[in-house]
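Here is the structure we will look at.
Proteins get letters first, then strands, A, B, ... in listed order; numbering begins at 1 in each.
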2 protein chains.
Amino acid sequence: MKPTPTSSSIEDYVKVIYSFTEWQDKPITSTQLAARLGVANSSVSEMVRKLKDQDLVEHEPYSPIRLTRSGLRLALSMVRRHRLLETYLVRELGYTWDEVHEEAELLEHAVSETFIQRMADKLGNPTRDPHGDPIPDADGHITMPPSHRLDELDAGHRGRVSRISDHNPELLRYLDEHGIGVDTELEIVGRRPFGGTLEVLAAPAGSKDMDRAVRLDLGDEAAVSLWVVTDGSHPGCTVQELTGGSLMSPHTASP
Amino acid sequence: MKPTPTSSSIEDYVKVIYSFTEWQDKPITSTQLAARLGVANSSVSEMVRKLKDQDLVEHEPYSPIRLTRSGLRLALSMVRRHRLLETYLVRELGYTWDEVHEEAELLEHAVSETFIQRMADKLGNPTRDPHGDPIPDADGHITMPPSHRLDELDAGHRGRVSRISDHNPELLRYLDEHGIGVDTELEIVGRRPFGGTLEVLAAPAGSKDMDRAVRLDLGDEAAVSLWVVTDGSHPGCTVQELTGGSLMSPHTASP
DNA sequence: CCTATTATTTCGGTGTACCTAAATAAATTA
DNA sequence: TAATTTATTTAGGTACACCGAAATAATAGG
């Protein structure tokens with residue numbers, strides 16, 4: 001419960017802890033956190049102690065890690081930075097959606113609050129980034145679209161792609177080559193679970209041609225996450241993560 | 001003479017070493033370097049050893065520090081980053097010239113080469129930044145305008161402001177309030193050296209009104225540096241630093 | 001030329017964020 | 001439930017970039 005000298009590592013920890021609960025509500029464990037940050041478990045233990053000292057997380061030994069109110073505030077401000085930066089890079093500097101993640105990852109720790117605000121103004125305060133993720137506002141309010149898991153959708157289901165995870169550039173390029181992006185209308189034409197892997201076949205709406213359908217091979221553990229709107233009406237409704245985790249009800253986060 | 005894992009500290013050291021010799025040619029000493037970086041002398045000694053190991057500087061104990069060819073290359077790339085960022089922030093994000101320095105200082109360590117290039121393209125590969133400083137090209141070539149020291153100019157001399165140091169926001173705001181910026185036409189209406197300080201009175205060209213002239217009180221030690229073109233013809237000719245150091249001949253640096 | 005002053009380097013330490021290996025707690029399963 | 005496996009934390013150590021204080025070299029003054 002001390003002051004708050006924040007560092008770029010701290011920002012990363014908090015952001016990852018937040019992200020883990022963005023689309024499902026189980027809190028993250030040390031090991032998962034270590035894996036996502038690419039550091040050793042022991043580093044996490046140590047750092048979590050520090051985060052707790054600064055009142056950014058709640059944590060009892062051997063139990064999962066949860067953000068406090070002020071941890072959530074910090075996390076949402078990092079998420080806002082990241083997503084605004086991605087939007088800006090795509091709209092103003094001609095980046096493609098598969099390039100932006102890494103660059104934003106570095107920049108989010110370096111830019112000032114002024115920079116963020118000027119950028120947001122110039123972009124017209126967007127509420128979704130190029131991957132379809134919601135952008136928190138300056139006060140840390142974020143509205144998650146209501147959602148269902150893609151792996152619960154039946155063949156024949158149509159909808160718009162609402163969101164595609166920005167973590168796998170290779171997947172993004174693959175989807176791009178097949179004409180799939182945010183807001184693309186899709187239809188689930190088939191599905192085949194096997195060997196712990198869920199395979200979803202999707203094609204531009206209307207096509208029933210299984211051979212020409214995009215084959216999405218979805219391992220567990222966050223390898224891939226594609227999101228699909230379950231009704232074709234408005235963008236930004238009824239989406240849910242493909243990989244791991246249980247179905248959760250729609251929610252809104254704010255500090 | 002080892003490989004080259006660069007860090008943001010190393011980048012700062014090298015950039016400051018370069019800057020010191022940009023407008024005069026005496027090499028920097030440990031103490032001066034420490035002062036400009038805001039670190040202790042002992043930190044500089046240590047770091048300079050490391051820079052030498054990486055073949056970025058030449059240095060014999062107790063003598064001044066000079067960049068090697070590869071040190072100069074790195075320095076010019078940092079200067080390019082910094083000046084392009086300043087230009088971009090002013091032109092694209094509505095920063096004023098007195099705000100940009102700090103922001104660029106942070107960003108220059110974080111952005112990728114791709115980012116720099118896209119930014120440069122969008123700006124049309126400018127060769128001067130908002131303060132009038134020359135921007136090195138992608139190959140590390142920079143052309144310094146030929147120059148005379150402002151403190152050698154006589155009263156009555158007219159010219160355009162070619163360059164104003166970006167290190168003192170307060171000065172920049174002061175000048176701005178008095179309508180002085182890069183490319184403003186000025187006339188030296190008087191001068192008064194006293195107590196180790198040089199005072200220059202300048203006014204918009206034509207005005208002979210000493211009272212309404214801008215009074216520039218120029219201490220030594222890099223407190224202020226204003227640059228004035230000594231002839232009104234083209235921008236980018238005959239400029240020189242105001243503070244400390246001896247007159248040097250025009251030169252061009254490149255790695 | 002020798003001494004006093006100033007510049008520079010060396011030495012012993014600090015905080016941050018990592019790591020591996022060892023110890024301990026929790027969960028699984030036999 | 002006891003034993004094994006897995007998760008987590010603790011212990012001991014590293015690299016980086018910094019610091020103040022002490023030692024040493026260079027410079028300036030008498």
Quick one: which of [options] gets closest to the side chain of [X]?
{"X": "A:K50", "options": "C:dT16, D:dT8, D:dA17", "value": "C:dT16"}
{"X": "A:Y62", "options": "D:dT10, C:dT24, C:dC18", "value": "C:dT24"}
{"X": "A:S9", "options": "D:dA17, C:dA17, D:dT9", "value": "C:dA17"}
{"X": "B:E46", "options": "C:dC19, C:dT8, D:dC18", "value": "D:dC18"}
{"X": "A:N41", "options": "C:dT8, D:dT9, D:dG20", "value": "D:dT9"}
{"X": "A:V39", "options": "D:dT8, C:dC18, D:dG20", "value": "C:dC18"}

Measure [atom1]/[X] against [atom2]/[N] and give the value in whole Å, please.
{"X": "B:M47", "N": "D:dA15", "atom1": "CE", "atom2": "P", "result": "16 Å"}
{"X": "B:Q32", "N": "C:dT6", "atom1": "CD", "atom2": "P", "result": "16 Å"}
{"X": "B:D12", "N": "D:dC16", "atom1": "CG", "atom2": "C1'", "result": "14 Å"}
{"X": "B:R49", "N": "D:dC18", "atom1": "CZ", "atom2": "C1'", "result": "14 Å"}
{"X": "B:L51", "N": "D:dA17", "atom1": "CG", "atom2": "C1'", "result": "12 Å"}
{"X": "B:I65", "N": "C:dT8", "atom1": "CD1", "atom2": "P", "result": "8 Å"}
{"X": "B:I28", "N": "C:dA7", "atom1": "CD1", "atom2": "P", "result": "14 Å"}
{"X": "A:Y13", "N": "C:dT16", "atom1": "OH", "atom2": "C1'", "result": "11 Å"}

So does [X] get a side-chain nitrogen or oxygen closer than 4.0 Å to the phosphate oxygens (OP1/OP2) of [N]?
{"X": "B:S7", "N": "D:dA17", "value": "yes"}
{"X": "A:H59", "N": "D:dT8", "value": "no"}
{"X": "B:S43", "N": "D:dC19", "value": "yes"}

Inset, instruction - Quick one: pull up OH in A:Y13 and CE in A:M47 and give me the separation to the nearest 0.5 Å. - result: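 Here the interatomic distance stands at 5.5 Å.
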Legend entry - Pairwise distance CZ(B:R118) to CD(A:E99) - rounded to 0.5 angstrom: 4.5 Å
Inset, instruction - Determine the contact category for A:A40: base if any of its heavy atoms lies under 4.0 Å from a base atom, sugar-phosphate if only primed atoms, P, OP1 or OP2 are that close, otherwise nothing. - result: base
Inset, instruction - May I ask you to say what B:S30 touches in the nucleic acid, namely base, sugar-phosphate or nothing, with a heavy-atom cut-off under 4.0 Å? - result: sugar-phosphate
Legend entry - Under 3.5 Å donor-acceptor pair, B:S42 side-chain atoms to C:dT8 base atoms: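 Checked by distance alone, the answer is no.
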Legend entry - N/O donor-acceptor pair under 3.5 Å between B:H131 side chain and B:W97 backbone: yes
Legend entry - A:R80 side chain to A:P136 backbone, donor-acceptor under 3.5 Å: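 Such a contact is found between A:R80 side chain and A:P136 backbone.
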Inset, instruction - Take B:E11 and B:R81, measure what salt bridge (Lys or Arg N to Asp or Glu O under 4.0 Å) needs, and give me the verdict at the end. - result: CA-CA 11 Å; B:E11 290 170 353; B:R81 285 165 172 254; 5.9 Å; no
